[in-house]
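Only one structure is covered here, and it is reproduced in the block below.
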Amino acid sequence: MKNTLDIRTVANRYAAQLQLCCSHRSSSYCIARTIHAHMIASGFKPRGHILNRLMDIYCKSSNIAYALHLFNKIPEPDIVARTTLIAAYSTAGNLKLAQEVFGGTPLSTRDTVFYNAMITAYSHNNDGHAAIELFREMRRDDFRPDNYTCTSVLGALALIVEDEKHCQQMHCAVLKSGTVFVTSVLNALISTYVKCASSPLASSSLLMGAAKKLFDEMPKKDELTWTTMITGYVRNNDLDAAREILDGVTENIGVAWNAMISGYVHHGFIHEALEMFRRMHLKGIQHDGFTYTSIISACANAGLFKHGKQMHAFILRTEEKHELEFSLSVNNALVSLYGKCGKVDEAREIFNKMPIRDLISWNAILSAYVNLGCIVEAKSFFKEMPERNLLTWTVMISGLAQNGFGEEGLKLFNQMRIEGFEPCDYAFAGAITSSAMLGALEHGRQLHAQLVKLGHDSSLSAGNALITMYARCGIVEAANCVFLTMPCLDSVSWNAMIAALGQHGHGLQAIELFEQMLKEDIVPDRITFLTILSACSHAGLVKEGHRYFNSMRGCYNITPGEDHYARLIDLLVRAGKFSEAKDVIQSMPFEPGAPIWEALLSGCRIHGNMDLGIQSAERLFELMPQHDGTYVLLSNMYATAGRQNDVAKVRKLMRDRGIKKEPGCSWIEVESKVHVFLVDDTVHPEVQAVYNYLEQLVLEMRKLGYVPDTKFVLHDMEEAQKESVLYTHSEKLAVVFGLMKLPLGATIRVFKNLRICGDCHNAFKFMSKVVGREIVVRDGKRFHHFRNGECSCGNYW
DNA sequence: GTAGGGTTAG
């Protein structure tokens with residue numbers, strides 16, 4: 001007897017403790033866990049309403065898996081347990097399991113609250129029709145709807161109702177239903193009006209007017225009334241009206257301020273949002289995790305790292321430690337802030353300290369690695385991740401693509417589909433960029449077709465990726481076709497198309513498109529100017545390029561960076577205007593760095609300007625002694641001038657410093673497969689046949705006047721030997737392989753990691769004439785179209 | 001045990 005009494009006392013005590021911890025909001029999870037641990041340790045087996053309460057707490061702290069574990073231990077779960085479970089599945093987004101629980105519950109044990117939970121589950125998972133249908137069923141089965149039912153049904157209606165007529169019918173139906181108009185129901189009604197107001201089919205002002213009328217007439221407003229009205233105006237783009245509502249709030253209602261802050265952030269008024277927070281703090285308005293996350297993420301997105309960091313410091317100063325520790329979203333926002341501002345170590349530190357993490361936390365770190373180009377870290381982190389979603393995959397795929405790992409990007413895209421994720425347009429954009437990097441035109445085309453099939457063809461990001469893909473695969477016409485048919489364009493689209501024209505040597509067309517962009521009031525950005533300067537440089541349009549450079553500051557308030565100066569210098573020295581280039585360098589507000597000297601050196605090589613060339617190379621040796629390109633350019637310059645002794649000196653310098661020239665590597669796509677050739681390749685299975693065919697071609701080419709140019713051979717050897725070295729160049733092997741394998745007459749498109757060699761450039765001119773086919777080579781810098789003995793670059797590269 | 005508003009990743 002005594003024993004049972006004791007158990008009852010203990011149970012009551014636990015129940016009271018759990019009740020208490022539910023009023024403690026964010027710390028409830030940790031306290032509940034402690035209480036639960038205590039139960040287990042003392043041998044107390046929770047049952048009945050204590051178990052239900054525990055389950056509920058675990059569900060609300062996003063630990064649904066554990067809640068389910070508890071549920072499964074109950075032999076005969078009562079209606080309260082079942083209701084909790086439905087709510088849990090609903091928040092987990094698993095409507096199917098919620099339906100199973102609902103269907104498996106006999107009618108005799110159901111109650112109104114149980115129906116409410118299922119109606120809400122449908123509504124939360126965007127199935128308004130099912131929610132309404134269940135409401136009808138509930139009334140047929142003679143269950144009495146209450147205020148909760150009414151509010152949930154109104155929420156469901158907001159998903160279905162589209163125009164004002166529909167909305168007013170709904171309002172009348174609510175009036176007739178005999179509902180008691182308590183605040184919560186009126187809030188839901190206002191919310192429905194507000195949601196319908198942003199539908200394109202409805203009149204926004206009419207419905208917002210109706211919402212405002214209800215709002216004004218409400219005898220008793222609670223915090224939700226204020227926030228609903230504020231967000232309503234925010235969503236309908238009336239920030240002033242929203243602000244007016246907030247100014248009418250006299251009580252200490254932090255959530256209303258949060259709604260206003262988030263409204264400012266959404267409309268890009270970051271400084272107004274920050275100012276709101278300042279005022280909120282001064283007035284002693286309660287701020288919480290929502291306030292912090294809004295502010296922090298706004299700072300992260302606007303690049304206001306200092307403000308974000310101040311916010312972090314503020315939180316650490318003012319909040320109880322456990323409040324911050326257990327706030328998942330604040331920590332996620334912080335991780336994302338540090339990650340986006342390039343402080344991946346700090347981001348990782350916060351992540352490591354987080355007691356609970358979700359997919360958002362993992363994805364934030366993954367994007368931080370990817371954005372910084374830390375692909376090795378990103379890859380191992382990706383492997384470690386306990387779960388992945390669509391975003392995880394797209395971040396990783398586009399990260400691989402943008403960092404030049406095209407093949408791995410495509411592999412991952414396929415893997416993603418195998419694992420059952422249907423790619424969204426961003427994922428397609430990543431895969432398309434991967435094909436662009438590889439020059440895998442067939443892959444790119446197939447992706448384009450799938451994109452259309454899955455209905456993503458009007459996507460901006462995918463369209464922009466397609467422009468770049470076709471251009472980088474050598475078909476500027478197809479790029480233009482995508483550009484012209486895209487339903488809407490942004491500055492990225494224009495930049496991509498201008499760059500496409502520039503890379504293919506169509507400088508005048510690039511300029512034309514740039515002018516059209518200006519006419520259509522698209523504001524050019526830093527990237528636009530980089531592309532237009534390159535386009536001018538590739539086509540030798542010195543005057544035009546110089547004029548555009550000068551307009552940057554004056555017309556568009558863009559301060560030219562070192563990269564812009566480098567392209568201007570490149571433009572000038574390619575045209576042999578060395579004294580003008582010197583003037584520009586003199587006028588620069590900073591000391592010339594590596595990009596400037598590189599531009600000078602390559603100009604000097606073209607024009608044989610030895611003194612300045614040597615000076616530039618020496619500066620580059622100081623700035624980046626390990627960079628192989630400088631040695632190659634310098635030795636080519638000596639070779640062209642016939643200074644073989646100096647070529648030998650450069651070679652010795654390279655040897656002494658342990659610098660190896662990056663091996664040349666070229667590739668070509670044949671029947672959707674990418675074939676790679678290295679210099680002096682022995683690996684490709686058909687390379688012997690390639691060498692044989694090349695030999696035959698060279699005989700024909702010589703008849704037309706081709707003379708091998710051994711100046712460009714870096715090694716010291718006999719002349720005849722040097723010639724044979726020329727025939728091992730990777731670009732020659734890839735082109736010849738294409739001639740052997742592709743259908744007769746088809747254009748050969750080859751890609752090379754480095755700049756095309758001078759002899760190969762000359763050889764392809766003759767080759768194009770011998771075989772009567774077009775040969776397109778994309779090298780590290782630009783495109784060369786060889787047709788009938790000429791190259792589109794006009795020997796100007 | 002159930003509603004209505006405010007947050008976090010490309």
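Throughout, protein chains are lettered first and strands after them, A, B, ... in sequence-line order, and every chain is numbered starting at 1.
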Can you tell me if [X] touches the phosphate of [N], counting only side-chain N or O atoms and a distance under 4.0 Å to OP1 or OP2?
| X | N | value |
| --- | --- | --- |
| A/Arg53 | B/dG1 | yes |
| A/Ser336 | B/dA9 | yes |
| A/Lys195 | B/dG5 | yes |
| A/Thr231 | B/dG5 | no |
| A/Ser367 | B/dG10 | yes |
| A/Ser152 | B/dT2 | no |
| A/Ser184 | B/dA3 | no |

With a 3.5 Å cut-off and heavy atoms only, can you find an N or O donor on one side and an acceptor on the other between the side chain of [X] and the base of [N]?
| X | N | value |
| --- | --- | --- |
| A/Thr394 | B/dG10 | yes |
| A/Asn116 | B/dG1 | no |
| A/Thr293 | B/dT8 | no |
| A/Asn371 | B/dG10 | no |
| A/Thr228 | B/dG5 | no |

[X] [atom1] to [N] [atom2], straight-line distance once rounded to whole Å:
| X | N | atom1 | atom2 | answer |
| --- | --- | --- | --- | --- |
| A/Leu400 | B/dG10 | CG | P | 16 Å |
| A/Met260 | B/dG6 | CE | P | 13 Å |
| A/Ile350 | B/dT8 | CD1 | C1' | 13 Å |
| A/Leu334 | B/dT7 | CG | C1' | 12 Å |
| A/Leu328 | B/dG6 | CG | P | 19 Å |
| A/Leu85 | B/dG1 | CG | P | 15 Å |
| A/Met118 | B/dA3 | CE | C1' | 15 Å |
| A/Asp146 | B/dG4 | CG | C1' | 14 Å |

Looking only at side-chain atoms of [X], point me to the closest of [options].
| X | options | answer |
| --- | --- | --- |
| A/Asn332 | B/dG6, B/dT8, B/dT2 | B/dT8 |
| A/Tyr426 | B/dG10, B/dT7, B/dG6 | B/dG10 |
| A/Asn301 | B/dA9, B/dT2, B/dG6 | B/dA9 |
| A/Ser329 | B/dT2, B/dT8, B/dG4 | B/dT8 |
| A/Glu223 | B/dA9, B/dG5, B/dG6 | B/dG5 |
| A/Ala188 | B/dG6, B/dA9, B/dG4 | B/dG4 |
| A/Val255 | B/dT8, B/dG6, B/dG1 | B/dG6 |
| A/Asp288 | B/dT7, B/dG10, B/dG6 | B/dG6 |

Name the nucleic acid region contacted by [X], choosing base, sugar-phosphate or nothing; use a 4.0 angstrom heavy-atom cut-off, strictly under.
| X | answer |
| --- | --- |
| A/Arg357 | nothing |
| A/Asp78 | nothing |
| A/Ile79 | base |
| A/His124 | sugar-phosphate |
| A/Thr84 | sugar-phosphate |

Examine [X] relative to [Y] and say whether NZ or CZ is less than 6.0 Å from the centre of the six-membered ring and inside a 45° cone about the ring axis.
| X | Y | value |
| --- | --- | --- |
| A/Arg110 | A/Phe143 | no |
| A/Arg82 | A/Phe114 | no |
| A/Lys309 | A/Phe314 | no |

Query raised in the report: Does A/Glu275 pair with A/Arg279 as a salt bridge, N-O distance under 4.0 Å?
Result: no
Report task. For ring-ring contact (aromatic ring centres under 6.0 Å, His included), just list the numbers for A/Phe351 and A/Phe381, CA-CA rounded to whole Å, side-chain angles, deciding distance to a tenth of an Å, and then say yes or no. Result -> CA-CA 12 Å; A/Phe351 176 87; A/Phe381 193 79; 5.8 Å; yes
Query raised in the report: A/Phe290 stacking on B/dT7: centroids under 5.5 Å, ring planes under 30°?
Result: no
Can a donor-acceptor pair be found between the side chains of [X] and [Y] at a distance below 3.5 Å?
| X | Y | result |
| --- | --- | --- |
| A/Ser493 | A/Asn464 | yes |
| A/Thr112 | A/Asp146 | no |
| A/Asn187 | A/Ser184 | no |

